[in-house]
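Here the structure is laid out as structure tokens; the discussion comes afterwards.
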Amino acid sequence: MRKNELARELAVSEKLHLSTAMKAIDGFVCIVKEALSQGEEITIRGFGTLSVIQLKERTARNPRTGEEVTVRAHRTVKFKPSKEFKTILNEDGTLV
């Protein structure tokens, strides 16, 4: 699902104008990016937790050439789904 499709679904489910739904998604994404860039953890009850983790430098291999390359240490985002979300994913896929 792409952003436009998500906005359309949000607009329909919450009876919003499409432009309002798009602004809500843009605002949400902006807030999440800012919070994570500052090292904050974001928890959305019933959905999951987004947190920043530090990955160490490591050696990897280029799949085309087989050449070894060094991947620098960097931060990335980890998502941990809530128990409720895991249950939904592992059942028949319908929301409760």
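Position 1 is the first residue of the sequence, and the numbers go up from there.
In terms of the side-chain hydrogen bond (donor to acceptor under 3.5 Å, both in side chains) criterion, residue partners of E68 (sequence neighbours excluded) are, by chain and number, R61. By the side chain to side chain contact (heavy atoms under 4.5 Å, CB included) test, T65 pairs with N62, E67, sequence neighbours left out. K80 meets the side chain to side chain contact (heavy atoms under 4.5 Å, CB included) test with no other residue; sequence neighbours excluded. For T49, the side-chain hydrogen bond (donor to acceptor under 3.5 Å, both in side chains) partners two or more places apart in sequence, or in a different chain, are T43. Remark: R64 engages no residue in a salt bridge (Lys or Arg N to Asp or Glu O under 4.0 Å) (not counting sequence neighbours).
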Under 3.5 Å, which donor-acceptor pairs do the side chains of residues 30-42 form with other protein atoms, sequence neighbours left out?
residue, atom, partner, partner atom, Å
E34, OE2, Q38, NE2, 2.6
S37, OG, K33, O, 3.3
S37, OG, E34, O, 2.8

Could you go through residues 10-28 and list every donor-acceptor pair under 3.5 Å that involves a side-chain atom there, pairing it with any protein atom two or more places apart or in another chain?
residue, atom, partner, partner atom, Å
S13, OG, E9, O, 3.2
S13, OG, L10, O, 3.4
D26, OD1, K3, NZ, 2.3

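Applying the salt bridge (Lys or Arg N to Asp or Glu O under 4.0 Å) test to residues at least two apart or on different chains, none of the pairs has a partner in residues 49-60. The ring-ring contact (aromatic ring centres under 6.0 Å, His included) pairs that include a residue from residues 34-72 are F47-F79, F47-F85, where partners are two or more places apart or lie in different chains.
Criterion: ILVMFWY side-chain heavy atoms under 4.5 Å apart, direct or through other members. Under it, L55 and V69 are not part of a common hydrophobic cluster. Both I44 and V52 belong to a common hydrophobic cluster when Ile, Leu, Val, Met, Phe, Trp and Tyr are linked at side-chain heavy-atom distances under 4.5 angstrom.
Rounding to the nearest 0.5 Å gives a distance of 9.0 Å between CE of M1 and CZ of R8.
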